[in-house]
2 protein chains.
Amino acid sequence: MLRSCSALATLPFARQGAQNWKAWRVNGARVNKHLVDLSRFGANPQGGVSRVAFSDADIAGRRFVMDLMKEAGLTASIDPAGNIFGVRAGSQGSALPILFGSHIDSVPEGGNFDGDVGSCSAVEVAHTLAERGYHNRHPLHVVIWCDEESGLTGSRGFIGDLPTDEIERPGRDGVVLAEKIRRIGGDPARIVEARHGPGSIAAYVELHIEQGAILDERGINIGIVEGIVGIHHYDVTLRGFANHAGTTPMDRRQNAMLAAAELVLIVDRVVRSVEGRQVGTVGRLLVKPGAPNVIPGQVDLTVELRDLSTEKIERLWTQIHSEALATAKQYGVTLDYTLQHVNPPALSTPAVRQVIADAVHDLGLSSLSMPSGAGHDAQDLARIGPMGMIFVPSVKGISHSPLELTRPDDVTNGANVLLQTVLRLDQT
Amino acid sequence: MLRSCSALATLPFARQGAQNWKAWRVNGARVNKHLVDLSRFGANPQGGVSRVAFSDADIAGRRFVMDLMKEAGLTASIDPAGNIFGVRAGSQGSALPILFGSHIDSVPEGGNFDGDVGSCSAVEVAHTLAERGYHNRHPLHVVIWCDEESGLTGSRGFIGDLPTDEIERPGRDGVVLAEKIRRIGGDPARIVEARHGPGSIAAYVELHIEQGAILDERGINIGIVEGIVGIHHYDVTLRGFANHAGTTPMDRRQNAMLAAAELVLIVDRVVRSVEGRQVGTVGRLLVKPGAPNVIPGQVDLTVELRDLSTEKIERLWTQIHSEALATAKQYGVTLDYTLQHVNPPALSTPAVRQVIADAVHDLGLSSLSMPSGAGHDAQDLARIGPMGMIFVPSVKGISHSPLELTRPDDVTNGANVLLQTVLRLDQT
């Protein structure tokens, strides 16, 4: 396939017919090889990668991707927020840019596909267009967002939603974000120049792995994303009274762990009690003081609720809070909470969804409309312009794990859908 | 009171009548002052002490107590296991020693009374006997056990239950126990010489704070301990599957935290379901990976069960395990456990209990027979000879906390009961 593509690349643009570009395909072997090459940066002995944003592994991986961009004929640069852009100039001066890409940073002990599939495929699309000698009307911007995993840092910088106090605040590692952005080639002092307002892009399209098991279990090739769910993250503190586990009779305890256990079960029951695809999780739970012979005096835990409807999330929380509060009282335990963090839901643009659906159809692939339960940079881009997302299957739905896997054929399918979507968007 | 005691101390032994010693009392002001003095070693700014065994604060506190012993006319020395002994020779060559004492090491951020009350009172009893010029028949050994809090190290050394591999094993701080014992003046190479077999002591009596609220709430002066409860400590691991909290539908999860929450509630319900004073606690619970946006794949937790009857503990665990296992299965979660640690129950000796009861009666104090829910060095001593324990009230039952408090009058009452118990044991 590589050989035939190379041969085609020598054809002059005049030979491109209106029908012809619909037959173009990415080089599947190449994009899958680039995925393997990228997986070496931050590789863990037990498999998968720890390519945490701003780490040495991230910096090396970013350099590798910039080299790939250059091979693909793109002009590569880093914006003040630390995002990498690979630009292919357009023929029509007034046309807004079409953006497509993803991220290459990972969670600690993450997998080789989350972000990487969309990133390598975006470069591959550009490479294919270069080989085809395609004359795009819109400027095409391949983008690798910086620090997706710990809070969509780069894409928020791009849409002007990265507050100064956040940039100047030390992270959990004690290093301020500004210093980290500088470390990867950004320029936080000029962050305002990274900002793009509504109406400044023609469209943003992101290919990503599903990170769930729906496509894999049903044997479907492509997910067409209806929107990215909203997330409410609550920090809950339950306070009882720490005391000696041997000398305090059962009926004289104010055991914060019992109230916490009830809350964990309430979250699960309430979230399941109504129809729909909403999810709710207690993922972090810290018991204090945390000794086998001390009755827990305090438990700090997180409740995370996700749905495409903010109203539904709020309704679920009201019920969870009311039930948990009443139960905690019965244990002599107080309950306080803060809404630590809100990601509003981001619906994809129907016109872009339709373009993706057309591309999928012409490629002879099967597809399913579905929400994205995970957050993505695309949710930020939706705030300034048309947005669409393409999902490819994750084997067994495993993600954020060394066991994360998207099969090579699915990577190639996704890259082809991205290619055909970009071509359609450029020509309409 | 100090003045009159000093006056009495000058009386010759010949003047001690059989009735007379029953009127002897400790110097309450002095023992309470010594408690305050001792609390300066390892004092925390927010109150209480961190006088963890083998720390500089512990070493300084031990030196202070050895000085008190000398003032009380005792011959002070450190045995190979690191225990401090203050000896008052007896008049009857063949009589076995009567031991009484406690410990002065504390938990991190502990209080000023746990261990200290029994230690200062034991020295005070010896001081009072010296002032009275009492001619004891039995050798009297005031003992300060080393490292009670992290595992009854000194008293286990004394009864020959400190295995060589434990002595040579590094602790959580990386320092081997032998090195720590040397640091406080012990001699681990001669540990075998510290060993005392069954039948080597006349009796062991320990005064201690209750560390529970029963005496305080009921306004009772003295607890006469029936025995020290047995402890079974189980380490439980629940394994599900860690996955993305946004992309994994509610009905496709194997959430280890849900199974753990059920287990926490099962422990509480089963332990309360039968009559008695047994207690059960999940005090430590660790969620992995522990991120708000990841479904918990594993939870490690401890279950601690305490009762005077081992059979009852085993029966409770069988029921807890069986219910928790069935529930875990419903969540697609596996349950494994190990019985990490067993302290067998140690009953006090009825004859010693009776002597304590007589002393309490003659002092005009109120008392209650009760189990000790906490572990004490006395449980080791019960394995080699007659054992008795005296409890004094803990205000609100608070212990292992800077808020720990035993009122001065209660300290004095406890010391007087100890004095009168030792006198009775010596004369019978």
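As the structure is a prediction and not an experimental result, all values here were calculated from the model. A note on names: the letters A, B, ... follow the listed sequences, proteins ahead of strands, and every chain is numbered from 1.
- Nearest heavy-atom pair, Gly397(B) versus Asn243(A), reported as atom, atom and distance to 0.1 Å: O-OD1, 3.3 Å.
- Between the CG atom in Leu286(B) and the CG atom in Leu286(A) there is a gap of 9.0 Å [rounded to 0.5 Å].
- Heavy-atom distances place both the backbone and the side chain of Gln211(A) under 4.5 Å from chain B.
- The shortest non-hydrogen separation linking Val287(A) to Gly283(B) is CG1-O, 3.6 Å.
- With contacts defined as side-chain heavy-atom distances shorter than 4.5 Å, the pair Met250(B)/Val271(A) qualifies.
- The shortest non-hydrogen separation linking Ala245(B) to Glu304(A) is CB-OE1, 3.9 Å.
- Among Glu262(A), His400(A), Gln340(A), the residue making the largest number of heavy-atom pairs under 4.5 Å with chain B is Glu262(A).
- Top candidate by heavy-atom pairs under 4.5 Å with chain B, chosen from Arg306(A), Gln278(A), Glu109(A), is Arg306(A).
- Residue with the most contacts toward chain A among Ala261(B), Ala260(B), Gly375(B): Ala261(B) (heavy-atom pairs, distance under 4.5 Å).
- Among residues 288-301 of chain B, the residues having any heavy atom closer than 4.5 Å to a heavy atom of chain A are, in sequence order, Gly290(B), Ala291(B), Pro292(B), Asn293(B), Val294(B), Ile295(B), Pro296(B).
- Using a 4.5 Å heavy-atom cut-off against chain B, the contacting residues of residues 228-242 of chain A are His233(A), Phe241(A).
- In terms of heavy-atom pairs under 4.5 angstrom with chain B, the leader among Ala213(A), Ser399(A), Gly280(A), Ser394(A) is Gly280(A).
- In this structure, Arg277(B) contributes its side chain and Pro249(A) its backbone to no donor-acceptor pair below 3.5 Å.
- Of the residues considered (Met257(B), Met370(B), Arg284(B), Arg252(B)), Arg284(B) shows the highest number of contacts with chain A, using heavy-atom pairs under 4.5 Å.
- Of the listed residues (Asp268(A), Thr248(A), Val303(A)), the greatest number of heavy-atom pairs within a distance under 4.5 Å of chain B belongs to Asp268(A).
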(Q) Using side-chain contact (heavy atoms from CB on, under 4.5 Å), reason through Glu210(B) and Thr247(A) one step at a time and then give a plain yes or no. (A) CA-CA 8 Å; Glu210(B) 180 198 340; Thr247(A) 60; 5.7 Å; no
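- More than 12 heavy atoms of other residues, nucleotides or ligands lie within 6.0 Å of NZ in Lys312(B), so this atom counts as buried by the packing criterion.
- If you measure heavy-atom distances from Tyr331(B) to chain A, the contacts under 4.5 Å come from the side chain alone.
- Proximity to chain A (any heavy atom under 4.5 Å) is restricted, for Glu217(B), to the side chain, taken from C-beta onward.
- Only the side chain of Thr302(B) comes within less than 4.5 Å of a heavy atom in chain A; its backbone stays farther off.
- Note: Leu258(B) leads Leu258(B), Asn255(B), Leu285(B), Ile398(B) in heavy-atom pairs under 4.5 Å with chain A.
- Annotation: side chain of Thr281(A) is in contact with side chain of Arg253(B) (closest heavy-atom distance under 4.5 Å).
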